[in-house]
Amino acid sequence: MRHARDYLRAAITISVVAGAMLGCSESTPSTPLDQSGTFFGPVTALASGTARTYVTLDGSGAPTEIGVALTESALTGLPNATAEYAFALPSQASATAFKHAVINWMPTGHPPPMVYTVPHFDVHFYTIAQATREGIVLGDSVLTAKIMRQPAPEFIPAGYAAGMAAALMGLHWNDPDAPERHGGPFTRTFIYGSYDGAMIFAEPMIAKAYLDAKPDVASVPVKLPAQYGVHGYQATSYAVGWDAVAKEYRIALTGLVLR
């Protein structure tokens with residue numbers, strides 16, 4: 001009988017301790033999982049090097065930056081003709097407004113003359129799928145009308161004006177106040193694009209000579225529209241430069257906010 005009483009006493013003690021521990025676990029909130037980090041998309045060959053997209057998340061998992069990273073050798077051995085390099089985004093970028101990215105290499109630049117007619121990169125971040133973008137062509141009056149159809153004023157970034165139309169891209173919108181449009185040298189600038197009445201891309205445009213100098217990565221605010229046609233994290237600034245730690249050129253949309 002004594003052994004039975006001892007066994008009962010021990011069982012009660014264990015039960016009380018377990019209950020106390022369970023009560024503590026229920027009343028103490030768990031620490032949120034840290035989801036911060038930088039996540040990369042597939043590697044794509046670019047000239048003598050490679051490039052890949054990336055997205056940076058904060059601790060809550062919200063994206064703060066989306067961009068492309070180019071190895072140092074990606075700036076050597078570039079073709080003498082225009083070239084396009086398309087990139088898938090990492091799955092962790094799904095909360096952003098963007099679906100894919102494209103780098104367009106322009107060895108002799110493009111209009112307007114004496115402004116952008118230098119070797120440079122057009123880095124497009126598209127809010128449409130690649131298959132949709134491939135349907136943007138110049139041709140008959142119907143196709144051309146789709147490219148030239150402008151968004152409602154509230155969707156056009158403040159102060160931006162319509163410019164060049166291009167196949168596989170759409171109608172470009174530029175900032176008339178940009179320094180290079182007033183006699184200053186073209187180093188980097190920010191372009192938007194539309195198609196069939198909707199804004200579809202954000203585009204940092206960078207002179208190759210500027211990247212060759214390996215400037216520090218610096219972020220610059222961009223002009224914004226009053227409204228957005230696509231829900232997701234959108235850029236309020238962009239950054240360009242040489243990341244000496246990663247040994248990569250970084251061209252990115254930064255300051256992402258949910259719109």
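- The salt bridge (charged side-chain N to carboxylate O under 4.0 Å, His left out) search around Arg181 returns none, not counting sequence neighbours.
- Thr189 places no side-chain N or O within donor-acceptor distance of the main-chain N or O of Met205, the cut-off being under 3.5 Å.
- The main-chain N or O of Val230 is found under 3.5 Å from a side-chain atom of Gln234 such that the two form a donor-acceptor pair.
- Without hydrogens or angle criteria, Thr64 side chain to Thr56 main chain gives a donor-acceptor distance under 3.5 Å.
- Within the model, atoms CG of Asp243 and CG of Leu70 stand 12.0 Å from one another, a figure rounded to the nearest 0.5 Å.
- Counting only distance, with no hydrogens or angles, the side chain of Thr44 and the backbone of Phe87 share no donor-acceptor pair below 3.5 Å.
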Listed pairs under 3.5 Å, donor-acceptor, residues 92-100 side chains, sequence neighbours left out:
| unit_1 | atom_1 | unit_2 | atom_2 | d |
| --- | --- | --- | --- | --- |
| Ser94 | OG | Ser91 | O | 3.3 |
| Thr96 | OG1 | Ala93 | O | 2.8 |
| Thr96 | OG1 | Phe98 | N | 3.2 |
| His100 | ND1 | Ile128 | O | 3.0 |
| His100 | NE2 | Arg133 | NE | 3.0 |

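- Listed by chain and number, the hydrophobic cluster partners of Tyr54 are Phe40, where partners are ILVMFWY side chains within reach of under 4.5 Å, directly or through others.
- Across Pro157 and Met199, no two heavy atoms sit closer than the pair CD-CE, 3.9 Å.
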Exercise for the section: In sequence, state the C-alpha distance, the side-chain angles, and the governing distance for Lys247 and Thr71, and then conclude on side chain to side chain contact (heavy atoms under 4.5 Å, CB included). Expected result: CA-CA 7 Å; Lys247 302 295 182 184; Thr71 60; over 6 Å; no
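- Atoms OH and CZ, from Tyr116 and Phe186 in turn, are 6.5 Å apart once rounded to the nearest 0.5 Å.
- By the neighbour-count criterion of 12 heavy atoms within 6.0 Å, atom CG of Asp216 is sparsely surrounded, having that number or fewer from other residues, nucleotides or ligands.
- Judged as a salt bridge (charged side-chain N to carboxylate O under 4.0 Å, His left out), and not counting sequence neighbours, Asp34 has no contacts.
- Considering only residues two or more places apart in sequence or on other chains, Lys208 meets the side chain to side chain donor-acceptor pair (under 3.5 Å) condition with Asp212.
- Applying the side-chain contact (heavy atoms from CB on, under 4.5 Å) rule to Thr82 yields the partners Met106, Pro107; only residues at least two apart in sequence or on another chain are considered.
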Practice task
Output, in order, the C-alpha distance, side-chain angles, deciding distance and verdict of side chain to side chain contact (heavy atoms under 4.5 Å, CB included) for Lys146 and Tyr195.
Solution key: CA-CA 6 Å; Lys146 281 192 170 185; Tyr195 176 68; 3.3 Å; yes
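- Considering every non-hydrogen atom in both Ala162 and Gln150, the closest pair reads CB-NE2, 3.8 Å.
- With sequence neighbours excluded, the residues that form a side-chain contact (heavy atoms from CB on, under 4.5 Å) with Ser60 are Asp58, Ala62.
- In terms of hydrophobic clustering, with Ile, Leu, Val, Met, Phe, Trp and Tyr side chains grouped at heavy-atom distances under 4.5 Å, Met114 and Ile191 are assigned to different clusters.
- Here Asn104 contributes atom CG and His110 contributes atom NE2; the two are 8.5 Å apart, rounded to the nearest 0.5 Å.
- Between the side chain of His172 and the backbone N or O of Met164 there is at least one donor-acceptor pair closer than 3.5 Å.
- Nearest heavy-atom pair across Ala202 and Phe190 is CB-CZ, 3.7 Å.
- Grouping Ile, Leu, Val, Met, Phe, Trp and Tyr residues whose side-chain heavy atoms lie under 4.5 Å apart, directly or via other members, places Val137 in a hydrophobic cluster with Leu143.
- Contacts of Pro179 classified as side-chain contact (heavy atoms from CB on, under 4.5 Å), with partners at least two apart in sequence or in another chain: none.
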Practice task
Begin with the C-alpha distance, continue with both residues' side-chain angles, and end with the deciding distance and a verdict on side chain to side chain contact (heavy atoms under 4.5 Å, CB included) for Ile136 and Ile147.
Solution key: CA-CA 7 Å; Ile136 300 175; Ile147 289 183; 3.8 Å; yes
Please tabulate, one pair per line, all N/O donor-acceptor pairs under 3.5 Å involving side-chain atoms of residues 249-259, not counting sequence neighbours.
| unit_1 | atom_1 | unit_2 | atom_2 | d |
| --- | --- | --- | --- | --- |
| Arg250 | NE | Glu248 | OE1 | 3.1 |
| Arg250 | NH2 | Glu248 | OE1 | 2.9 |
| Thr254 | OG1 | Ser219 | OG | 2.9 |
| Thr254 | OG1 | Ser237 | O | 3.2 |
| Thr254 | OG1 | Ser237 | OG | 2.6 |
| Thr254 | OG1 | Tyr238 | N | 3.4 |

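- Considering Phe201, Tyr228, Tyr160, Phe155 in turn, Tyr160 is the only one that fulfils the ring pair (Phe, Tyr, Trp, His ring centres under 6.0 Å) rule with Tyr192.
- A search for salt bridge (charged side-chain N to carboxylate O under 4.0 Å, His left out) contacts involving Lys214 returns Glu72, not counting sequence neighbours.
- Within the structure, the salt bridge (charged side-chain N to carboxylate O under 4.0 Å, His left out) test picks out no pair touching residues 122-132 (sequence neighbours left out).
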